[in-house]
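Data first, discussion second: the structure below is written as structure tokens.
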Amino acid sequence: QVQLVESGGGLVQPGGSLRLSCIASGFTFNAYAMNWYRQVPGKERELVAGITSSSSSTTYADSVKGRFTVSRDNAKNTLYLQMNSLKPEDTAAYYCNARGRRFTTKGLTSTDYWGQGTQVTVSS
């Protein structure tokens, strides 16, 4: 079965750094784009960063550009998020997402898998 397991969250002071990891299994990792989302209670889940299957392209939310770096190691089936210069506004549960897309004669179809999340708290 498909599994995505996040780790690396914790409590950190403003200006500090954390590295999140997501270990994937049960599907063809190198055929899926991978993303990090985050969510705070009462608010909608938002995309933080994404990376294509071959690491040819990345995308970031404006709020984290220049501070966060997403990467992947397909040989290890692992996704990473390096977070630097952390701010209190970065406090959230962070979720690993795998997204597969395919085109058929009927149109575009997407398949999504989600991890259970890891908590990041930025506070002094």
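Here the shortest heavy-atom pairing between R67 and L86 reads NH1-CA, 3.9 Å. Residues D90 and V64 share a closest heavy-atom pair of OD1-CG1, 4.4 Å. The two atoms that bring R72 and Y32 nearest to each other are NH1-O, 2.8 Å, heavy atoms only. The two residues A92 and Q119 have their closest heavy-atom pair at O-NE2, 3.4 Å.
Listed by first and then second residue, the salt bridge (charged side-chain N to carboxylate O under 4.0 Å, His left out) pairs involving residues 2-11 amount to none (not counting sequence neighbours). Sorted by first and then second residue, the salt bridge (charged side-chain N to carboxylate O under 4.0 Å, His left out) pairs involving residues 73-88 (not counting sequence neighbours) form an empty list.
Summarising the geometry, atom OG belonging to S71 is positioned 11.5 Å from atom CE belonging to M34; distances are rounded to the nearest 0.5 Å. T78 contributes atom OG1, which lies 10.5 Å from atom CG of L4 (distance to the nearest 0.5 angstrom).
Put simply, the side chain of Y60 gets close to the backbone of V70: a donor and an acceptor are under 3.5 Å apart.
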Kindly list each side-chain donor-acceptor pair under 3.5 angstrom involving residues 10-30, sequence neighbours excluded, with atom names and distances?
unit_1 : atom_1 : unit_2 : atom_2 : d
S17    : OG     : N84    : OD1    : 2.9
R19    : NE     : Q82    : OE1    : 3.1

Result block: side-chain N/O donor-acceptor pairs under 3.5 angstrom for residues 96-103, not counting sequence neighbours:
unit_1 : atom_1 : unit_2 : atom_2 : d
N97    : OD1    : N35    : ND2    : 2.8
N97    : ND2    : D112   : OD2    : 2.8
N97    : ND2    : Y113   : O      : 3.4
R99    : NE     : D112   : OD1    : 3.3
R99    : NE     : D112   : OD2    : 2.8
R99    : NH1    : Y37    : OH     : 3.0
R99    : NH2    : Y37    : OH     : 3.1
R99    : NH2    : D112   : OD2    : 2.8

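Every side-chain hydrogen bond (donor to acceptor under 3.5 Å, both in side chains) that S63 has, sequence neighbours left out, goes to R38. Partners of K65 under the side-chain hydrogen bond (donor to acceptor under 3.5 Å, both in side chains) rule, at least two apart in sequence or in another chain, are D62.
Cluster annotation: V122 is not connected to Y95 through the hydrophobic network of ILVMFWY side chains, with a link wherever side-chain heavy atoms come within less than 4.5 Å. By the rule that hydrophobic residues join a cluster once side-chain heavy atoms approach within less than 4.5 Å of another member, V120 and W36 end up as members of one cluster.
Two residues are said to be in side-chain contact when any heavy atoms from C-beta on lie closer than 4.5 Å; L79 and I51 meet this criterion.
Ring orientation note: the planes of Y94 and F68 are tilted relative to one another, at an angle of 30° to 60°.
Remark: Q116 CD is loosely packed, at most 12 non-hydrogen atoms of other residues, nucleotides or ligands lying under 6.0 Å away.
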